[in-house]
Structure formats: structure tokens, C-alpha cells
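See below for the structure under consideration.
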Amino acid sequence: MKIGMGSDHGGYELKEFIKEYLETKQHEVVDYGTYSTESVDYPEYGEKVANAVADKEVEVGIIMCGTGLGISMAASKVNGIRAAVVSEEYSARMAMVHNNANILAMGGRVVGKDLAKSIVDAYLNAEFEGGRHQKRIDKIMKIENK
Ligand code: RB5
């Protein structure tokens with residue numbers, strides 16, 4: 001799978017760790033930054049990954065900031081993006097199964113590295129169920145056009 005990744009300084013270390021993990025699992029990762037622990041503003045990186053997902057440069061995105069909150073808020077402002085910030089496996093799976101989230105967000109200061117790997121696996125291995133959930137997603141996306 002082709003996956004776009006991005007973070008601010010608060011998520012940088014976790015991004016690097018998960019990037020390596022995904023590459024060992026034969027995923028192709030496009031890294032939209034940031035590229036160091038120097039302080040940066042998370043909206044820029046949330047927007048970059050969200051644009052890449054919306055433009056179909058990558059299939060899904062995985063983003064991190066300190067909490068996962070700010071960067072997911074920024075990403076979800078881009079048309080067509082549903083970013084889900086999660087800190088446990090069940091929500092990660094449901095983010096795909098029910099919400100068809102196209103971006104997964106995590107907090108680099110919230111989740112440990114092993115948990116983050118399990119979260120990523122739960123998200124990437126899940127499939128959107130469609131059906132009644134599609135109708136609800138359509139309603140979410142209609143809000144963008146109001
Ligand atoms: C940066 O210190 C921090 O505010 C940011 O990483 C994130 O947690 C914001 O939601």
C-alpha cells in the first residue's frame with residue numbers, strides 16, 4: 001500500500017519509527033515531513049498529507065503530532081478527508097470499518113511505540129463495511145458542501 005506520512009516535532013520520533021515499521025512490511029511510504037525535532041506548526045503537515053490523500057497521490061495517510069489532535073483537525077479541513085485520531089486498537093479498526101477514515105492520527109506523546117504498531121496494523125488490515133455506513137459518511141461529506 002502507498003501511505004503518506006507526516007508529523008510535527010511532537011510526532012516526529014513516532015513517525016520515524018512507524019515509517020520504518022511500514023517499510024519492513026513492504027509498504028511504500030511517502031514522507032511529507034517534518035524531518036527533525038525542530039519546532040514546527042502541525043497544520044502544515046496535516047494539510048500536506050491530506051492533500052496527498054485527496055489528490056490520490058497516496059492511498060491513506062498516517063499523521064502524528066504531540067496528541068494527534070491538532071494535526072487531525074487540520075487534515076480534516078481538506079475536502080474529502082476523514083482523519084481519525086485514535087489511541088487504541090478497537091477505534092483504529094472501527095475508523096476503517098465504519099467511518100472509512102482515510103487518515104489515521106496518533107499522538108506521539110500519548111501512545112507507546114508497540115501500541116502504535118498495533119494501532120496501525122488494526123487500521124490497515126480492516127475493511128470498510130459500506131452499506132448503512134456509506135449513507136452516514138455521505139452525510140458527513142455533505143456538510144463540507146454547505
Ligand atoms: C506541539 O507542542 C503540540 O501542541 C502539538 O504537537 C499537538 O499536540 C497539537 O495538537
Side-chain angles (χ1 to χ4, degrees), residues 1-128 133 136-146:
M1 194 179 255
K2 193 169 179 183
I3 301 169
M5 292 195 72
S7 76
D8 73 351
H9 53 289
Y12 171 74
E13 209 183 300
L14 187 62
K15 171 172 70 69
E16 294 301 301
F17 179 78
I18 293 296
K19 181 168 68 177
E20 198 178 317
Y21 176 62
L22 290 171
E23 284 169 346
T24 63
K25 297 192 99 183
Q26 315 308 324
H27 291 290
E28 183 185 349
V29 175
V30 184
D31 187 347
Y32 293 91
T34 188
Y35 303 112
S36 76
T37 53
E38 189 185 328
S39 182
V40 291
D41 296 331
Y42 56 79
E44 291 174 27
Y45 301 92
E47 185 180 5
K48 278 179 209 259
V49 175
N51 283 334
V53 173
D55 295 344
K56 301 196 182 338
E57 279 170 33
V58 294
E59 292 164 70
V60 294
I62 299 181
I63 56 177
M64 292 95 168
C65 61
T67 57
L69 294 168
I71 199 162
S72 64
M73 289 177 190
S76 285
K77 292 287 180 192
V78 172
N79 272 12
I81 296 303
R82 293 174 303 282
V85 55
V86 303
S87 51
E88 34 74 32
E89 288 171 55
Y90 176 74
S91 298
R93 190 164 67 79
M94 297 314 281
M96 184 63 90
V97 173
H98 281 189
N99 310 113
N100 201 14
N102 44 18
I103 294 189
L104 176 76
M106 290 182 286
R109 297 171 185 157
V110 178
V111 298
K113 288 179 176 165
D114 280 348
L115 178 56
K117 284 200 289 190
S118 305
I119 287 171
V120 165
D121 286 342
Y123 171 69
L124 293 178
N125 293 332
E127 272 184 41
F128 178 50
H133 304 295
R136 293 164 185 162
I137 288 164
D138 291 344
K139 287 189 175 184
I140 296 177
M141 304 325 284
K142 262 174 90 176
I143 298 169
E144 278 181 357
N145 301 319
K146 282 187 184 168

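Atom set for the values below is all heavy atoms of this structure, side chains included, hydrogens, waters and symmetry mates excluded. Whatever order the structure lists ligands and atoms in, that order sets their numbers, starting from 1.
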Between CD1 on residue I103 and CD1 on residue I63, distance to nearest 0.5 Å: 5.0 Å

Which of the ligand 1 atoms, numbered from 1, are nearer than 4.0 Å to a heavy atom of H9: 1 (C), 2 (O)

Cationic tip of K48 above Y32 ring, under 6.0 Å, 45° of axis: no

For atom 9 (C) of ligand 1, the protein heavy atom that lies nearest, with its residue and separation: Y42 CE2, 3.4 Å

Atoms of ligand 1, numbered as shown, that sit under 4.0 Å from any heavy atom of C65: 6 (O), 7 (C), 8 (O), 9 (C), 10 (O)

Sub-4.0 Å atoms of ligand 1 with respect to non-hydrogen atoms of G66: 5 (C), 6 (O), 7 (C), 8 (O)

Other residues, nucleotides, ligands: >12 heavy atoms within 6.0 Å of E16 CD: yes

Spacing of E57 atom CD and K2 atom NZ [to the nearest 0.5 Å]: 7.5 Å

Proximal candidate to atom 6 (O) of ligand 1 [heavy atom criterion; set V85, I71, D8]: D8

S7 side, atom OG; I62 side, atom CD1 - distance, nearest 0.5 Å: 12.0 Å

M73 touching ligand 1 at heavy-atom level, < 4.0 angstrom: no

Protein residue, atom and distance nearest to atom 2 (O) of ligand 1, heavy-atom basis: R109 NH1, 3.3 Å

Within-cut-off N or O pair, T67 and ligand 1, under 3.5 Å: yes

Shortest protein heavy-atom distance from atom 10 (O) of ligand 1, along with the residue and atom involved: G70 N, 2.9 Å

Other residues, nucleotides, ligands: >12 heavy atoms within 6.0 Å of E20 CD: no

Donor-acceptor contact below 3.5 Å, side chain D8 vs main chain G11: yes

